[in-house]
Student: 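If you scroll down you'll find the structure; I have some questions about it.
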Amino acid sequence: MTLFNKVLASSIVLFAAGIFAADVQAQADECGVRNQTIRTLTEQFGETRRAMALDNRGIVEVYASDRTGSWTVTLTLPNGRTCLLAAGEHFTPNPGAPTTGLES
């Protein structure tokens, strides 16, 4: 993985975690046993882990599929449960040079 891809993946994780991580523990229906949750992402949706980072609540990971474009952001809590924070479509593994997103 190139430095650019590492920076991009880390940025995606941090951005998604900051926006979508509202009180995950209250959303028990979106949390499950880690192995089962990850197995579903990989077997049913063809997603693989693209990035991971530590959060003050646990481990944040981004899973995505180049084939289908689907993506999922998860948070694994210290108790071992994995919660879905966000999911969507049109994942782009390499959208271009790093940028702040601000227009000049």
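Residue numbers count from 1 along this sequence.
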Student: Of the non-hydrogen atoms in G46 and S65, which two are nearest, and what is the gap between them?
Tutor: O-CB, 3.5 Å
Student: Listing request: all salt bridge (charged side-chain N to carboxylate O under 4.0 Å, His left out) pairs with a residue in residues 65-74, at least two apart in sequence or in separate chains.
Tutor: R50-D66
Student: Thinking salt bridges, do R34 and E61 make one under a 4.0 Å N-O criterion?
Tutor: yes
Student: Same cluster for V73 and F45 if Ile/Leu/Val/Met/Phe/Trp/Tyr side chains link at under 4.5 Å?
Tutor: no
Student: Hey, mind stepping through L77 and T82 against side chain to side chain contact (heavy atoms under 4.5 Å, CB included) and telling me if it holds?
Tutor: CA-CA 6 Å; L77 303 169; T82 297; over 6 Å; no
Student: Determine whether V62 and V60 fall in the same hydrophobic cluster, where Ile, Leu, Val, Met, Phe, Trp and Tyr are linked whenever their side-chain heavy atoms lie under 4.5 Å apart.
Tutor: yes
Student: Kindly state each residue pair satisfying side-chain hydrogen bond (donor to acceptor under 3.5 Å, both in side chains) with at least one member in residues 36-46, sequence neighbours excluded.
Tutor: none
Student: For the CD1 atom of I38 and the OG1 atom of T76, what is their distance to the nearest 0.5 Å?
Tutor: 6.0 Å
Student: Are L85 and W71 connected in a single hydrophobic cluster, I mean Ile/Leu/Val/Met/Phe/Trp/Tyr linked by side-chain heavy atoms less than 4.5 Å apart?
Tutor: yes
Student: Please check: side-chain N/O of R81 versus main-chain N/O of C31, any donor-acceptor pairing under 3.5 Å?
Tutor: yes
